[in-house]
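Written below as structure tokens is the structure these notes are about.
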Amino acid sequence: MRNYVLRRLLQSALILLGISLVTFILLYLIPADPARQIAGRSATAKTVANIRAQLGLDDPVMIQYFRYLGGLVQGDMGRSYLQRAEVSVLIAGRLPASLLLMVSAIVTELILGLTIGIIAALNRNKLADQTLMVFSFVSISAPQFVIGILLLYFFSIQFQLLPIGGYGTFAHLILPSLTLGLLGAGWYSRMMRSSMIDVLHQDFIRTARAKGIAKRQVITGHVIPNAILPIIAMVGIDIGLFMSGIVVVESVFGWPGIGQLAWQAIQRIDIPVIMGVTIVSAIAIVLGNLLADLIVPWIDPRIKIK
Amino acid sequence: MLIAAIFAPWLMPHDPFEQSFDGLTLMGEPLPPSEEFPLGTDLLGRDLASRLILGARTSLVIGVLANGIAVVMGAFVGILSGYFGGWLGMILMRFTDLMMAFPALLLAIVLAAIFKPSLLIVALVIAMVNWVQMARVIYTEARSLAEQEFIQVQKAIGSGPSRILFRHFLPHLLSSIIVFGTLGISTTVLLEATLSFLGVGVQPPTPSWGNIIFENQTYFNTAPWLVFFPGSAILLLALAFNLVGDALRDILDPTLKGHH
């Protein structure tokens with residue numbers, strides 16, 4: 001076990017290193033001159049040249065990369081080209097909002113997805129099952145920005161039940177987490193359904209029923225707990241989906257998280273900020289995968305570590 | 001929708017690029033659906049129905065093109081690393097690990113920002129992000145296929161790698177490639193719509209369902225049809241490919257369906 005954890009940690013570190021290198025080179029290729037952006041339009045050629053020299057932009061790309069990496073391991077992500085602030089400070093200021101949104105989306109997708117999956121499996125091939133599965137197909141096929149805009153239209157504009165966007169109260173949280181969680185709810189309901197059906201067919205369930213335990217009790221006491229285990233472990237993998245989702249959802253709802261920060265930075269080509277958000281997202285995704293890999297064998301000892 | 005895309009020029013009730021004077025209210029606002037404009041008009045007074053029909057072309061062309069590239073790339077990498085294994089397989093699979101940990105949408109946006117987005121570039125960007133899943137699925141299958149006896153026998157009797165790969169590997173993997181290829185179209189369509197919605201995908205005036213919503217989103221409280229119709233179009237297209245893919249999986253590959 002210890003070796004396995006160490007190996008996975010090392011692998012994760014290498015993946016992060018690779019991502020930082022690829023992103024750095026991609027951003028280096030963007031045809032925009034950061035020095036000119038900082039100096040402003042009216043700056044003289046001399047000022048621009050000075051800024052280039054100051055930032056070390058004339059050095060070869062690999063030297064620039066290693067300089068960036070050196071700062072990164074000390075928690076220094078450089079300064080934003082357009083906002084007068086450290087990138088790490090900008091991200092740290094935005095992170096709580098995004099984390100709140102993600103946690104709330106995870107709760108939403110689990111509650112929705114698991115409930116739907118359980119009901120569908122218990123009513124297998126009946127009308128309820130078929131209706132719910134149509135719903136889950138629709139929710140994995142619907143683009144998040146459309147769901148977001150339509151929810152806004154109905155709940156905020158037509159019925160004026162919820163705020164139209166922004167951040168602060170529980171009411172602000174409802175629509176964004178629903179939008180972000182709906183996709184996952186679709187996947188979870190399908191997985192939960194087949195996981196439930198799997199467990200329902202196993203011998204120990206038949207034994208429990210044969211011993212005379214009530215059907216209801218078997219389902220709540222044995223089937224559901226066993227069926228849920230492999231699914232809870234998937235939550236770690238979801239982080240990747242969320243990291244894409246928050247860019248869209250935060251821009252639709254004006255949610256002040258790192259997705260919005262990334263989106264604004266991309267529109268204005270603020271390279272250090274794009275780089276910083278990509279690294280932070282990649283760390284979150286890698287940690288999520290790591291967590292999933294470590295939790296699975298822990299909660300379900302039948303799965304052996306290779 | 002296929003029909004709409006192919007016969008677009010004859011189906012469109014109006015010129016999709018014409019900024020009609022009749023297409024706006026006196027206040028300069030978009031018109032709701034009417035007899036003249038069946039789905040209403042957009043913020044520039046253009047006929048929404050015509051733009052949606054032409055947009056079907058954009059979405060399908062990108063969907064098929066991007067997914068085609070992704071499928072070929074993914075299958076190629078998957079088969080290569082699954083069959084040969086060794087250091088080549090290891091390097092390729094570590095590379096897919098890296099791609100899996102990339103925040104996909106951020107990567108696509110950054111790529112789209114580097115190259116000025118044209119139809120082909122958008123398709124390539126989406127393919128760059130989407131080939132990885134295919135590579136993983138095919139790798140896993142190719143790996144177990146390579147260990148099977150009939151492949152070992154082929155190797156033993158001296159068949160060359162190209163003969164084994166084309167005569168024995170590809171036919172076995174074809175059903176997975178078709179299933180995940182079909183499911184992949186729906187992912188592609190959704191990603192294209194999202195990129196265009198964020199303004200880094202297909203550029204106006206070329207209509208795509210995503211950029212129609214992007215252009216008109218400021219009007220959505222007074223003109224919800226401008227979001228509702230293109231949104232439903234994206235949903236239906238993605239849904240169609242998801243359903244077909246799912247059905248194909250049940251037909252072509254009963255082992256994936258799970259028992260019972």
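These numbers come from the heavy atoms of this one structure, side chains and all, not from hydrogens, waters or symmetry mates. In this text, all values refer to a predicted model and were calculated from it rather than measured experimentally. So you know, we letter chains A, B, ... as the sequences are listed, proteins then strands, and number each from 1.
Only the side chain of A:Ile274 comes within less than 4.5 Å of a heavy atom in chain B; its backbone stays farther off. Using a 4.5 Å cut-off between heavy atoms, A:Ala262 touches chain B through its side chain atoms alone. Heavy-atom distances place the side chain of A:Leu150, and not its backbone, under 4.5 Å from chain B. Contact of A:Ile266 with chain B is made through the side chain alone, with heavy-atom distances under 4.5 Å. Looking at A:Thr23, both its backbone and its side chain come within 4.5 Å of chain B, counting heavy atoms on both sides. With a threshold of 4.5 angstrom between heavy atoms, A:Ser251 approaches chain B through side-chain atoms but not through N, CA, C or O. Contacts of B:Met100 with chain A are made by backbone atoms alone, with heavy-atom separations under 4.5 Å and no side-chain atom involved. Neither the backbone nor the side chain of A:Ile239 comes within contact range of chain B, judged by heavy atoms closer than 4.5 Å. Proximity to chain A (any heavy atom under 4.5 Å) is restricted, for B:Ile213, to the side chain, taken from C-beta onward.
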*Which is it for A:Ile285 and B:Phe102 under the side chain to side chain contact (heavy atoms under 4.5 Å, CB included) test, yes or no, and what are the steps along the way?*
CA-CA 8 Å; A:Ile285 294 173; B:Phe102 239 115; over 6 Å; no
*List the steps and the verdict of side chain to side chain contact (heavy atoms under 4.5 Å, CB included) for B:Leu107 and A:Leu26.*
CA-CA 9 Å; B:Leu107 177 63; A:Leu26 281 177; 3.6 Å; yes
*For B:Thr194 and A:Val248, run side chain to side chain contact (heavy atoms under 4.5 Å, CB included): C-alpha distance rounded to whole Å, both residues' side-chain angles, the deciding distance at 0.1 Å, then the answer.*
CA-CA 8 Å; B:Thr194 306; A:Val248 175; 3.4 Å; yes
*Start with the C-alpha gap between A:Val146 and B:Phe197, add the side-chain angles, then the distance that decides, and say whether side chain to side chain contact (heavy atoms under 4.5 Å, CB included) holds.*
CA-CA 9 Å; A:Val146 174; B:Phe197 168 72; over 6 Å; no
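The two residues B:Pro103 and A:Ser281 make their nearest non-hydrogen contact at CG-CB, 3.5 Å. Pairing each heavy atom of A:Ala142 with each of B:Leu190, the nearest pair is C-CD2, 4.2 Å. Scanning both residues, B:Ala101 and A:Val286, for their nearest heavy atoms gives CB-CG2, 3.8 Å.
Note that CE of B:Met99 is 9.5 Å distant from CD1 of A:Ile19, once rounded to the nearest 0.5 Å. Between the CD1 atom of A:Ile246 and the CG atom of B:Leu106 there is a distance of 8.0 Å, given to the nearest 0.5 Å. The CG atom of B:Asp246 sits 7.5 Å away from the CD1 atom of A:Ile140 when rounded to the nearest 0.5 Å. In this structure, A:Gln267 CD and B:Leu198 CG are separated by 8.0 Å, a value rounded to the nearest 0.5 Å. In this structure, B:Ser186 OG and A:Phe137 CZ are separated by 9.5 Å, a value rounded to the nearest 0.5 Å.
Contact count versus chain A (heavy atoms, under 4.5 Å) is highest, among B:Thr187, B:Leu191, B:Leu111, B:Leu235, for B:Leu235. Between chain B and the options A:Met243, A:Gln144, A:Arg190, the largest number of non-hydrogen pairs under 4.5 Å is found for A:Arg190. Per-residue heavy-atom pair counts under 4.5 Å with chain A were compared for B:Val189, B:Val110, B:Leu243, B:Leu105, and the maximum is reached by B:Leu105.
Other residues, nucleotides and ligands contribute at most 12 non-hydrogen atoms within 6.0 Å of the CZ atom of B:Phe228.
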